[in-house]
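In what follows, every heavy atom counts, from backbone to side chain, and hydrogens, waters and symmetry copies are set aside. Letters A, B, ... are given to chains in the order of the sequence lines, protein chains preceding strands, and every chain is numbered from 1.
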There are 2 protein chains.
Amino acid sequence: MFCHLFTTEQNRPLCQAKKGVMKEKKEDRRIGRTRRLMHEALIALIVEKGYEAVTVQDILDRADVGRSTFYGHYRDKDELLLSSFEHLRTLFEEQQQALLASRRTGVESEINFILELFRHTGEHHQLYKAMAGKQSGEMILKYLHRYLYNLLIVPHLELMKLRASPPVPIEITTHYLVTTLLSLVTWWLDNQMPYPPEKMDEFFRRVTGPSIEAAFGRKVGAYEAIADKDPTGSVKAFYSLFVDSDCCPDK
Amino acid sequence: MFCHLFTTEQNRPLCQAKKGVMKEKKEDRRIGRTRRLMHEALIALIVEKGYEAVTVQDILDRADVGRSTFYGHYRDKDELLLSSFEHLRTLFEEQQQALLASRRTGVESEINFILELFRHTGEHHQLYKAMAGKQSGEMILKYLHRYLYNLLIVPHLELMKLRASPPVPIEITTHYLVTTLLSLVTWWLDNQMPYPPEKMDEFFRRVTGPSIEAAFGRKVGAYEAIADKDPTGSVKAFYSLFVDSDCCPDK
DNA sequence: TCTTTATTGAACACTATGTTCGATAAAATA
DNA sequence: TATTTTATCGAACATAGTGTTCAATAAAGA
C-alpha cells in the first residue's frame, strides 16, 4: 500500500549525514523496510482506534518490530507521525511540481491550489484520514492551520494596503478561511468522500466567495488571484514550515 | 474566583440520590470545598500547560487534595473536566433564563443567541479559555460541535423542504456554520478578546450571512429566524446533550 | 568471503494512574 | 455539648506504558 512512501527517509539517529560524511549512499534496505512497517502500522492503528489511544507497543506488535528498534529510529510516537506527514507532503509537492511542469507546456499555466489539495486528499485518503480525520491527534491539524494562515495573511495584508479598515479584521477573515478549508477537508474525509474533488472545490468557493467580499468590504475577484498566486512558491511553502523547528508548537 | 461554581455539584460516587433515598439534604461542605479546589486547580493548570500535559498529580498538588479523595469524586481527569464544563453550562442556562424572564416584560422578546454566547464567553473567559481555547483538549470542542450541528440541522432540513437541491448540501453548510462559530469563539479567546462581544457577533453575521444565501441558493433572511428560533428550547437544548451518554464519543 | 550494521529480546528503571484501608478530623445530628 | 457520621488523608501496593542498555545474531553491503 505505502511501499514507495518511506524508502528514502532521513532520520536523526541513523542518518549518516550527521556523521559529517555526506556519502551518496543507498540506504540499507532493512532501514527502509522497518520504517515502512512502522508507518503502515501507525496509519492503520490511527484509523482503527484513534491516535491518542495508540500505544508504542501497539505499533510494535502490528509492525512486528522490536522496541529498541523503534527508539533507534524515532524519538517517540509523535515523531513517527510527523515523519509520516512529511512524506505525505513530499508526495503532494512532487505531484504539484509534475503538474506545473506539464502545465508550462500548455496554454493554461495556473494551478487551482484548493482543487489540487482536494484531489490529492482523495487519492491518498487513508493517509489523510489518519493525519487529519476525526481519529487523528491535534498536532497535524494545528500545523496545517498555522501554515495556511501564515501563507494567506501576507497577501491579505497587501490587499488591504489601499483600505484603512475592512468591516472584518483580516486576521479574523484569514483565520476563518483556513478554518473553513480544513473543516471541509476533514468533513469530506470523515464522511467517506461523497462528492468528487471538483465538487468540494466548488462548495468551498461558493461558501467563501461571498464571505470574502463581505469581510473585505469590496468586490474581491482578486481572491481567486490570492489563492492561486505564485503556485510554485505556494506549493513549496505549503508544507515546508511544518517540520521546521521554528514553526512547531511544543518543540 | 469560582467560589459559587461548584458548591451544589452532584457526582456519582458520593451522590446520595443514588442510594435510592432522595433527601433534600444540604451537601456536606467539605465535599463542595474539595471539589471547588480541584476544579480551580484544573482550570488554572490547563491555561498554564495545556490539558493534555496536566497530570492528576499536578491537580492534587495544586488543590492540596489527596489522591484517594480525587478518585472518590471523579473517575479520572476527563470526568473532572466534564464536570467543570457542566457547571459552565449551568451558568449559561441560568443567565439565559434570567434574560428571557426580563425580556418577557419588555417590548422585545427575542434573544440573540450568538451574541449571548459571546457575552457569556467574555464574562467567563478564563473558564472558556480552559474549555475551548488552544490549551484545551479536544473533548469539549467536539461535544460543542456535535451539539450545535444537531441543533441546526433540523431547522435547516425543514427550510429545504421546499427546494430539491441546494447549491451546497445542507450537511456541509451546517458543518461550516458550526465550525465558523466555534472558530470565532476560540480565536477571540486565544487573542485576548480584542473586540467586544457585539463586534464579534457582527463579524460572525457579516461572514456567514452571504454564505448562507449562496449555500442555500435563495434569499435567506430566515437565517436570523433559524438562529433565534425558540430561544427557550434552544438554550436548554444547547448543552443538555453533552453529558448524556447517548451523544458523547468514547463513553 | 569478510565486515559492518540493523535488529532482537531480556532486563531494568521510571512515571503516572488507580486501588485499598485504617486513622483522624471535620461536619452533621441528636 | 456530646455523639455519630462521613470526608479526607497518606502509606502501600499493583498495573500499564514509556524509554534505555547491551550482548547476540542475522541481514546487508563491500
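- Closest to the side chain of Val56(A), from the set dT18(D), dT17(C), dG29(D), is dT18(D).
- Interface remark: the Ser68(A) side chain does form a donor-acceptor pair with the dG9(C) base, using a distance-only criterion of under 3.5 Å.
- Side-chain atoms of Gln57(B) and Arg67(B) form a donor-acceptor pair, as typed in the model, at a separation below 3.5 Å.
- Computed from coordinates, the Glu52(B) CD to dT15(C) C1' distance equals 17 Å when rounded to whole Å.
- Rounded to a whole Å, the CG atom of Leu80(B) is 12 Å from the P atom of dT17(C).
- Under 4.0 angstrom from either OP1 or OP2 of dT20(D) there lies no side-chain N or O belonging to Arg67(A).
- Using a 4.0 Å heavy-atom distance criterion, Asp58(A) is classed as making no nucleic acid contact.
- Distance, Leu37(B) CG to dA7(D) C1': 13 Å, rounded to whole Å.
- Contact check, Tyr71(B) against dG18(C): a side-chain N or O comes under 4.0 Å of OP1 or OP2.
- The nearest heavy atom of DNA chain C to Thr55(B) and to Asp28(B) marks one nucleotide each, and the one closer to the 5' end goes with Thr55(B).
- Counting only distance, with no hydrogens or angles, the side chain of Asp190(B) and the backbone of Lys134(B) share a donor-acceptor pair below 3.5 Å.
- For the pair Arg33(A) CZ and dA27(D) P, the interatomic distance rounds to 9 Å; values are reported in whole Å.
- Nearest-nucleotide positions on DNA chain D for Gln57(A) and Asp64(B) put Asp64(B) closer to the 5' end.
- Residue Thr34(B) has its side chain nearest to dT8(D) when only dA28(D), dT8(D), dG18(C) are considered.
- To the nearest angstrom, P of dG17(D) lies 13 Å from CD1 of Ile59(A).
- Without hydrogens or angle criteria, Thr90(B) side chain to Glu86(B) main chain gives a donor-acceptor distance under 3.5 Å.
- Here the P atom of nucleotide dA25(C) and the CD1 atom of Ile31(B) are 20 Å apart, to the nearest Å.
- Rounded to a whole Å, the CD atom of Glu27(A) is 10 Å from the P atom of dG29(D).
- Atom CE of Met38(B) and atom C1' of dT8(D) are 11 Å apart (whole Å).
- OP1 and OP2 of dA7(D) both lie 4.0 Å or more from every side-chain N or O belonging to Thr69(B).
- Within 4.0 Å (heavy atoms only), Arg30(A) reaches at least one base atom of the nucleic acid.
- Smallest separation of non-hydrogen atoms from Ser84(A) and Leu42(A): OG-CD2, 4.3 Å.
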*Kindly indicate, with the supporting measurements, whether the criterion ring-ring contact (aromatic ring centres under 6.0 Å, His included) is fulfilled by Tyr195(A) and Phe203(A).*
CA-CA 10 Å; Tyr195(A) 304 100; Phe203(A) 295 151; 5.3 Å; yes
